[in-house]
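Report on the structure given below.
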Amino acid sequence: MRYGSISLALLCLYASNSFAALEVITKSEKQTLNQIETEYDIDSLLISVNDKFSQLNKKAYDVEGLKKAIASEQQRYDELIEGLPDAIRTKITLPNTYKQIEESVTLVDELTQKAEQDSQRLEAEKEEILSEYETINKQRATKSQQLFKLKTDITNRLIADLSKSSSTLPININGSTECSKYQTIADCLKESKSSILSSTRNESPFLNDKSVLLSYEVIDANMNMKGGLQYKVAMKFKPSYNNKIDEMLNEELGLKSAMVTLVSNVPADWFVNGVKVGTGKKLFHEIPLGKHGILASYQDQDQSSVENIEGNGVFNYKFNNVKTEKTPSSQTPSAVAEVPKGILKPTAKATPKTADKPKAKYTLFSDQTSIKLSDEDAKKTSSDKGYEYFMGVSPATKKQNIEFTNEPIEK
C-alpha cells in the first residue's frame, strides 16, 4: 500500500533521433512564421489611423457645438420676435430690435453654413479613415490566409511523419514520489506506474489517453529510509496527431480569438479597428488574437491604444474632467414664433428649422452608417433675407416707410 501523494518531476528528455523529427514546429517553419509577421506588420498603421479616428470624433463634437449655438440663436430670435409688438408700440427700441433681428438671422446663416462645410469635410475624412481601416483589414485577412496555409503545411507534415510505422516517441523521465517506508521499491513503482503514464501522456503534445504504450522500463530506482523514491523510467509510445497539437498550433500562429472586457468610468462608445462594438461602462467583446486598435469615446474626449491580444484580458480607459450633460427638453423649440396679424414676422426661408438633436459623437458603425451633420431644412443663402409684412403697422420713420412699402416717399 502506498502512502502520501505522488510528486512527479517530469523532465521530458526527448533525446532520440526519432523524436527530433516529430517537432510540432520546425526551425524552418518558425522562420516562415517570422517572415509573415514582419511582412504584415500593422502596428504603425493601426496607431496612425486610430489617432485620425480620435481627431475625427473631436471635430464632430465641435460641429455639434455649432448646431447647439444655432439652436440657441434661434431661441434668441424667437424672443426678439415675441417682443417686437412692444417695441413697435413704444417706438423707442424699435430700430435696435430690427437690428438685433437682422444680426440674429445673419448669425444663424453663418453658423449653418460653417456647420455644413465642416460636415462635408468630416464626411471626406470619414471615407479616408474607412479606406485606411479597410487596407489594414485586407492585410490582416491576407496574413490570416498565409498563417492558415502554414498551419496546413505543418499539419500535413505531422500527419505524414506520425503515420509511419517506424514513428515512435521515446521518453525518459527522472521523477520522485513518496511511498510507505514499509513498501518495497518494486511495489511502490508498480503502484505509481499508472500515475506516471497519465502524467506523461498529459505533458506531451503527441500523446493522449488513447496513445499506445510500446515499452516501459525502469532504468534506475532508489528509496531512502523515509520512503522517498527516486526513479528513472524509459518509455516508448506510438505518437499521433490530436487536439492538443491543433490547439498548440492555433495559439502559436495566432489563429484563435479571445474575450476582452472593456471597462470605463463613463458609458463610453467603444470601437475596435474603427467599428463600433457597443456602448457602456463595461462591455464584453470577442476579438481575434493579434494586434488591434481599441478606442473609447465619450463627449469630447477619447482614449485609445493599440493592443496585442494574446488571450482573455481587461482593458480600462478612465476619463477625467467629465462634463455633466444636461437633460434635453422633451420638445425642441420652434424656429418661428406665432405672432398676430399686423406684426412683422420672417418668411419660412428666412428661418432655419431646428433639427432633431443627434448624437454628440461621430461614429463609424459596422454597417457604415454615420451621423448626418448637415440639415437640409436649415439651408439658407444670404440672398434669401426677405421679410413678409402685414397691413396695420404705421411706419415710424422715412426709412421704415421705404422698407414697409418698397416705394420712395413723394416730395
Side-chain angles (χ1 to χ4, degrees), residues 33-34 36-38 40-61 64 125-126 128-144 147 247-325 359-371:
L33 174 60
N34 292 334
I36 294 173
E37 293 287 352
T38 302
Y40 299 100
D41 183 18
I42 58 175
D43 284 14
S44 59
L45 293 175
L46 273 174
I47 293 172
S48 175
V49 73
N50 234 33
D51 290 342
K52 290 181 181 179
F53 184 67
S54 179
Q55 292 298 322
L56 184 71
N57 263 338
K58 293 177 181 178
K59 291 177 183 179
Y61 200 87
E64 289 307 315
E125 290 182 28
K126 182 202 73 171
E128 180 183 348
I129 290 174
L130 285 176
S131 176
E132 291 187 36
Y133 272 123
E134 182 64 23
T135 300
I136 293 175
N137 289 334
K138 286 181 179 179
Q139 282 194 275
R140 184 181 282 111
T142 304
K143 178 181 178 181
S144 295
L147 291 175
E247 291 177 1
M248 184 180 294
L249 286 175
N250 285 339
E251 185 173 352
E252 186 71 22
L253 301 179
L255 297 176
K256 291 175 61 179
S257 62
M259 185 64 69
V260 297
T261 305
L262 307 174
V263 181
S264 179
N265 59 320
V266 295
D269 292 329
W270 296 95
F271 303 85
V272 175
N273 300 326
V275 178
K276 186 175 181 180
V277 297
T279 301
K281 290 186 177 181
K282 189 173 184 180
L283 194 70
F284 301 96
H285 183 66
E286 186 175 3
I287 187 171
L289 298 184
K291 293 179 179 178
H292 301 272
I294 299 176
L295 184 141
S297 182
Y298 182 74
Q299 294 181 347
D300 59 346
Q301 301 181 53
D302 292 315
Q303 299 284 342
S304 66
S305 63
V306 174
E307 301 292 345
N308 185 24
I309 308 300
E310 297 179 339
N312 296 348
V314 179
F315 299 93
N316 199 315
Y317 297 79
K318 185 177 180 181
F319 290 84
N320 298 321
N321 303 321
V322 177
K323 299 177 183 178
T324 304
E325 291 283 352
K359 295 181 179 179
K361 286 295 170 189
Y362 195 102
T363 57
L364 303 179
F365 296 98
S366 57
D367 60 355
Q368 308 305 321
T369 59
S370 61
I371 294 176

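None of the values given here were measured: they were computed from a predicted structure. Note that these values count all heavy atoms, side chains included, but never hydrogens, waters or copies made by symmetry.
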Quiz prompt | Which residues share a salt bridge (charged side-chain N to carboxylate O under 4.0 Å, His left out) with E37, sequence neighbours left out | solution = K143
Quiz prompt | Residues forming a side-chain hydrogen bond (donor to acceptor under 3.5 Å, both in side chains) with N320, sequence neighbours excluded | solution = none
Quiz prompt | Those residues that, when tested against Y317, pass ring pair (Phe, Tyr, Trp, His ring centres under 6.0 Å) (two or more places apart) | solution = W270
Quiz prompt | Separation of L262 CG from F315 CZ (nearest 0.5 Å) | solution = 8.0 Å
Practice problem: Could you tell me the separation between the OG atom of S305 and the CD1 atom of I47, rounded to the nearest 0.5 Å? | Solution: 10.0 Å
Quiz item: What's the shortest heavy-atom distance between P267 and Y298, and which atoms?
Solution: O-CD1, 3.6 Å
Self-check item: Audit row: K281, V263, side chain to side chain contact (heavy atoms under 4.5 Å, CB included) steps and yes/no
Solution: CA-CA 6 Å; K281 290 186 177 181; V263 181; over 6 Å; no
Quiz item: Does P288 have any side-chain contact (heavy atoms from CB on, under 4.5 Å) partners at least two apart in sequence or in another chain, and if so, which?
Solution: H292
Quiz item: Taking all atoms of both residues into account, what is the closest heavy-atom pair of N316 and S264, and its distance?
Solution: OD1-CA, 4.5 Å
Practice problem: Could you list all the salt bridge (charged side-chain N to carboxylate O under 4.0 Å, His left out) pairs where at least one residue sits in residues 42-57, not counting sequence neighbours? | Solution: D43-K291, K52-E128, K52-E132
Quiz item: Under the side-chain hydrogen bond (donor to acceptor under 3.5 Å, both in side chains) test, which residues partner S54, sequence neighbours left out?
Solution: D302
Quiz prompt | Nearest non-hydrogen partners of L295 and N57, listed with the distance | solution = CD2-ND2, 3.9 Å
Quiz item: Are the side chains of L147 and L33 in touch, meaning some heavy atoms are under 4.5 Å apart?
Solution: yes
Self-check item: With L45 via side-chain contact (heavy atoms from CB on, under 4.5 Å) - residues at least two apart
Solution: I136, Q139
Quiz prompt | Under the side-chain contact (heavy atoms from CB on, under 4.5 Å) test, residues paired with S131 that sit two or more places apart | solution = none
Quiz item: Run the side chain to side chain contact (heavy atoms under 4.5 Å, CB included) check on Y40 and R140 step by step: do they pass?
Solution: CA-CA 7 Å; Y40 299 100; R140 184 181 282 111; over 6 Å; no
Practice problem: Using the test salt bridge (charged side-chain N to carboxylate O under 4.0 Å, His left out), find all partners of E252 that sit at least two apart in sequence or belong to another chain. | Solution: none
Exercise. Sequence neighbours left out, what passes side-chain contact (heavy atoms from CB on, under 4.5 Å) with N265? Give chain and number order.
Key: K318, F319
Self-check item: Side-chain (S48) to main-chain (S44) donor-acceptor, under 3.5 angstrom
Solution: no
Quiz item: Between atom OG of S297 and atom CZ of F53, what is the distance when rounded to the nearest 0.5 Å?
Solution: 7.0 Å
Quiz prompt | Approximate separation, where rounding is to 0.5 Å, of N273 CG and L46 CG | solution = 6.0 Å
Quiz item: To the nearest 0.5 Å, what is the distance between CG (N137) and OG (S144)?
Solution: 10.0 Å
Quiz item: Would you call L283 and T261 a side-chain contact if the rule is heavy atoms closer than 4.5 Å?
Solution: no
Quiz prompt | Qualifying residues under side-chain hydrogen bond (donor to acceptor under 3.5 Å, both in side chains), relative to T279, sequence neighbours excluded | solution = D269, K276
Quiz item: So how far is it from I129 CD1 to E125 CD, rounded to the nearest 0.5 Å?
Solution: 6.5 Å
Quiz item: Looking at I294, V260, V272, I287, which hits side-chain contact (heavy atoms from CB on, under 4.5 Å) with E307?
Solution: I294
